[in-house]
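Notes follow the structure.
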There are 2 protein chains.
Amino acid sequence: MVTHPPDADLNRVFRALADTTRRDILRRTVRGEVSISRLADDYSMSFAAVQKHVSVLEAAGLVAKTSAGRERLVRALPDRLALVRSCLQQLEALWVHRLDQLDAVLSSPQE
Amino acid sequence: MVTHPPDADLNRVFRALADTTRRDILRRTVRGEVSISRLADDYSMSFAAVQKHVSVLEAAGLVAKTSAGRERLVRALPDRLALVRSCLQQLEALWVHRLDQLDAVLSSPQE
DNA sequence: AGGATGTGTAACCATGTGGTTGTGTATTAG
DNA sequence: CTAATACACAACCACATGGTTACACATCCT
């Protein structure tokens, strides 16, 4: 069970997505760049907490920050979602394969 | 920020997927029912640890257990993955929308 | 210059997580 | 019946996580 590097990445991405606030931040930064304090305005938690959420998303590669004067603009990055999609697709492919096998068993003559 | 019940579900599902061992268990139980001890044979951790992983997957609705004599057979459930897919799809739809807006801006005459 | 705003960082706390061991209880095998 | 197997459950531990507050620093505004 050597955990491939991509495995660790996948863990971080799923982990980052497993929080309502972070998913919301992601939705908001998909539409365009938003500063951290403007993000923080809409949540009932401290600025530092929102900052932490952003840094979790950043560590997962789901978001990037760019400096603009005294504020940091957060924008969502689409690339890492492909990782998740491929993981799910792989799982669902196995399901399809199982169903195929079931079909084969049901439609083949008894042994 | 009233977290809808589905939000909590989504959190649990993503959280459950954010672990290499659990994703592996999921892959193995997609193909067909596997007992917990047979699952545990292939990981370098205690039986109880694997049991916990299974129960996390179960709480997330990704897996179900059925009694068969003294063993519990674990099988993967496909339904909850649809939740994840729709969440990602929604996010990516927002991205597409942003790109559309960008295109519109770029192709429209200056103001 | 000086104050307001935006951010980064550190310390701290409660709780959750991933792992362990130990014990109890069914169920199967001899 | 007894022993081994498969599981459930609880207690425990180290560490991560999500939150807080406090403080330092940079940047903008007047």
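In the text below, chain A, chain B and the rest are named by the order of the sequence lines, each starting its count at 1. Please read all numbers here as calculations on a predicted model, not as lab measurements.
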B/Q51 side chain near D/dA8 phosphate (N/O to OP1/OP2, under 4.0 Å): yes

Residue-phosphate contact under 4.0 Å: A/S46 side-chain N/O, D/dG19 OP1/OP2: no

Audit row: A/I36, A/E71, side-chain contact (heavy atoms from CB on, under 4.5 Å) steps and yes/no: CA-CA 7 Å; A/I36 303 183; A/E71 50 191 4; over 6 Å; no

Nucleotide nearest B/A48 when distance is taken to its side chain, options D/dT20, D/dC9, D/dA8: D/dC9

Nearest listed nucleotide, side chain of A/A49, among D/dG18, D/dC7, D/dT20: D/dT20

Residues B/D41 and B/R38 bridged, charged N to O under 4.0 Å: no

Touch class at under 4.0 angstrom, heavy-atom based, for B/R38 against every strand present: nothing

Close side-chain approach of B/D9 to B/R12, heavy-atom, < 4.5 Å: yes

Which residues share a side-chain hydrogen bond (donor to acceptor under 3.5 Å, both in side chains) with B/R75, sequence neighbours left out: none

For atom NZ of A/K52 and atom P of D/dG18, their distance in whole Å: 9 Å

side-chain contact (heavy atoms from CB on, under 4.5 Å) between B/I25 and B/V50, worked out: CA-CA 9 Å; B/I25 291 177; B/V50 175; 4.3 Å; yes

Derivation of the side-chain contact (heavy atoms from CB on, under 4.5 Å) call for A/L39 and A/T29: CA-CA 9 Å; A/L39 283 173; A/T29 54; 4.3 Å; yes

Of B/S35 and A/H53, the one whose closest DNA chain D nucleotide lies more 5': B/S35

Within residues 67-75 of chain A: residues closer than 4.0 Å to DNA chain C (heavy atoms): A/R70, A/E71, A/R72

Partner set under salt bridge (charged side-chain N to carboxylate O under 4.0 Å, His left out) for B/R23, not counting sequence neighbours: A/D7

Pair assignment for DNA chain D - dot-bracket with | for other-strand partners, Watson-Crick or G-U under 3.5 Å: ||||||||||||||||||||||||||||||

What side-chain donor-acceptor pairs closer than 3.5 Å can you find for residues 57-68 of chain A, not counting sequence neighbours?
from: A/T66; atom 1: OG1; to: A/E33; atom 2: OE2; distance (Å): 3.4

Evaluation steps, side-chain contact (heavy atoms from CB on, under 4.5 Å), between A/T20 and A/D24: CA-CA 6 Å; A/T20 307; A/D24 194 62; 5.6 Å; no

Check: A/R15 main-chain N/O paired with A/R22 side-chain donor or acceptor under 3.5 Å: yes

A/W95 to B/V30 - nearest heavy-atom pair and separation: N-CG1, 3.4 Å

Where chain B begins and ends its contact with DNA chain C, read 5' to 3' at 4.0 Å from heavy atoms: C/dT17 to C/dT28

